[in-house]
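Fair warning: this is a prediction, and the values are worked out from it, not measured in the lab.
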Amino acid sequence: MYAITISEPGGPEVMTWSEVPDPTPGPGEVLIDVAATAVNRADLLQRRGMYPPPPGASDILGLECSGVIAEVGPDVHGWKVGDRVAALLAGGGYAEKVAVPATQLLPVPEGLDLRAAASLPEVACTVWSNLVMECGLHAGQVLLVHGGGGGIGTHAIQVGKALGARVAVTAGSADKLERCAELGADILINYRDADFVQVLREDTGGRGADLILDNMGASYLGRNLDALAPDGQLVIIGMQGGRKGELDIGKLLAKRARVLATGLRGRPETGPSSKAAVIAAVRDKLWPLVGEGIVAPVVHAELPITEAPTAHEMLDSPDTVGKVVLSVRED
């Protein structure tokens, strides 16, 4: 088969479409003929040599894909050759074929094309596991989403609204904030010219956010704590603003607040806090919302897999809203 390979850590130009050995499904796995994959920020970090795959995972980029099951390994139940699926991966999506545990598969909802479906597994599992499974987001709460125009942000807005929350977002341009508003965001904050803590307090009667979904990490730690409501929760899913920050324990105690951090790629395949557990919850609770169109893919652009370097540059662009999809083959 062919896959995107990396000659050495570096810029987008180090990626090439090259011939590599075909994967083989093991026990509990299926082989997917990949229709499309999607670009995530973790792919950019791995390309630069800053985010190696977990032990035993493919070193090919790609944390999600869609396609058709081509082969079913031993001990797989409930799936068959020809099924249209989307998959959460530890790696291997930028390729014509990928082997994946059957517990990490989602059926493609009726009416959703395979290329759009490729943009969903990573954001759906990240958002649902954090907002709902970890933090119990529910109707009437205020949710603050940093990076509202990104793949996770655009998905989190829709999930928050579907659950009855009031959603605030930060983004760096008027165009991105306009798109966030179209998706249902209630409070729009341009972080380039406004203090999100002040705006949030003003729009919530001084109370703040019950839950903050943060992709920045260290640089926002103190201000996020200031923005939290009493009994609020700050969940950190990224480190775009650094990995070491100072936490005021006094403020944390006074607000009875909780700070937690979670990742998705390094979770075990099965068991407590596993990818299988997240996928099962997403399929049961979130996937019906996708099937009904209440929560929809947000795709900025679709490019052929051979244009992966351009797609990486696009994801880094401040003009990109939502996901960038790489098409491997036609439906």
Side-chain angles (χ1 to χ4, degrees), residues 1 3 21-38 40 53-60 62-130 132-134 155 159 262-292 295 297 328-331:
M1 71 170 185
D22 286 15
T24 303
E29 295 184 334
V30 305
L31 184 69
I32 298 174
D33 282 333
V34 177
T37 185
N40 289 281
S58 171
D59 60 1
I60 295 171
L63 300 181
E64 59 193 335
C65 75
S66 64
V68 177
I69 294 179
E71 186 178 342
V72 176
D75 303 322
V76 172
H77 306 284
W79 300 99
K80 65 183 187 302
V81 172
D83 284 345
R84 299 167 75 244
V85 296
L88 180 69
L89 310 172
Y94 287 28
E96 292 180 314
K97 299 176 184 291
V98 65
V100 58
T103 53
Q104 292 169 213
L105 299 177
L106 290 160
V108 175
E110 193 72 29
L112 186 65
D113 72 63
L114 284 173
R115 292 178 296 278
S119 71
L120 285 174
E122 179 73 14
V123 294
C125 290
T126 297
V127 169
W128 195 262
S129 64
N130 284 289
V132 181
M133 298 174 71
E134 295 286 351
H155 194 82
V159 171
T262 74
L264 184 61
R265 189 182 194 184
R267 289 175 183 257
E269 289 182 7
T270 59
S273 300
S274 65
K275 295 186 184 80
V278 173
I279 284 284
V282 165
R283 182 172 182 175
D284 183 42
K285 302 295 185 182
L286 175 57
W287 226 232
L289 300 177
V290 175
E292 295 170 22
V295 175
V328 178
R329 58 169 58 87
E330 295 299 321
D331 289 10

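- Closest heavy-atom contact between V30 and P25: C-CB, 3.9 Å.
- Across all their heavy atoms, T37 and G62 have their closest contact at OG1-CA, 4.3 Å.
- Contact annotation: the side chain of V278 approaches that of R267 to within less than 4.5 Å [non-hydrogen atoms, C-beta and beyond].
- No side-chain heavy atom of S66 sits less than 4.5 Å from a side-chain heavy atom of V85.
- One distance of note links CE of M133 with SG of C125; it measures 9.0 Å at 0.5 Å rounding.
- Between D83 and P107 there is no side-chain heavy-atom pair separated by less than 4.5 Å.
- By the 4.5 Å heavy-atom criterion applied to side chains, V68 and I32 are not counted as neighbours.
- You'll find the side chain of K285 stays beyond 4.5 Å of the side chain of V282, heavy atoms only.
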- Task: Could you walk me through whether T262 and E134 pass the side-chain contact (heavy atoms from CB on, under 4.5 Å) test, one step at a time?
- Result: CA-CA 9 Å; T262 74; E134 295 286 351; 4.1 Å; yes
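- When all heavy atoms are compared, the tightest approach of T126 to E122 is OG1-O, 2.8 Å.
- To the nearest 0.5 Å, atom OG of residue S119 and atom CD of residue E64 are 7.0 Å apart.
- Residues P109 and G291 share a closest heavy-atom pair of CB-CA, 4.0 Å.
- Taken to the nearest 0.5 Å, the CZ atom of R283 stands 15.5 Å off from the CH2 atom of W128.
- With contacts defined as side-chain heavy-atom distances shorter than 4.5 Å, the pair W287/I279 does not qualify.
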- Walk me through it: do V108 and L114 pass the test side-chain contact (heavy atoms from CB on, under 4.5 Å)? CA-CA 7 Å; V108 175; L114 284 173; 3.7 Å; yes
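- Note that CG of L112 is 6.5 Å distant from CG of L120, once rounded to the nearest 0.5 Å.
- Considering only residues two or more places apart in sequence or on other chains, P53 meets the side-chain contact (heavy atoms from CB on, under 4.5 Å) condition with Q46, A57, D59, R265.
- Residues S273 and P268 approach most closely at O-CD, 3.9 Å, considering heavy atoms.
- Looking at heavy atoms from C-beta onward, V98 lies in side-chain contact with L89 at the 4.5 angstrom threshold.
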- Task: Please lay out, stage by stage, how T103 and E29 fare under the test side-chain contact (heavy atoms from CB on, under 4.5 Å).
- Result: CA-CA 8 Å; T103 53; E29 295 184 334; over 6 Å; no
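- Applying the side-chain hydrogen bond (donor to acceptor under 3.5 Å, both in side chains) rule to pairs touching residues 87-100 yields D33-K97, D43-Y94, Y94-H312, sequence neighbours excluded.
- Taking the side chain as every heavy atom from C-beta outward, M1 and P23 approach each other to under 4.5 Å.
- Taking all atoms of both residues into account, the shortest heavy-atom contact from P27 to D75 is CB-OD2, 4.0 Å.
- I69 contributes atom CD1, which lies 5.5 Å from atom CG of L105 (distance to the nearest 0.5 angstrom).
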- Task: Start with the C-alpha gap between V81 and V72, add the side-chain angles, then the distance that decides, and say whether side-chain contact (heavy atoms from CB on, under 4.5 Å) holds.
- Result: CA-CA 7 Å; V81 172; V72 176; 4.2 Å; yes
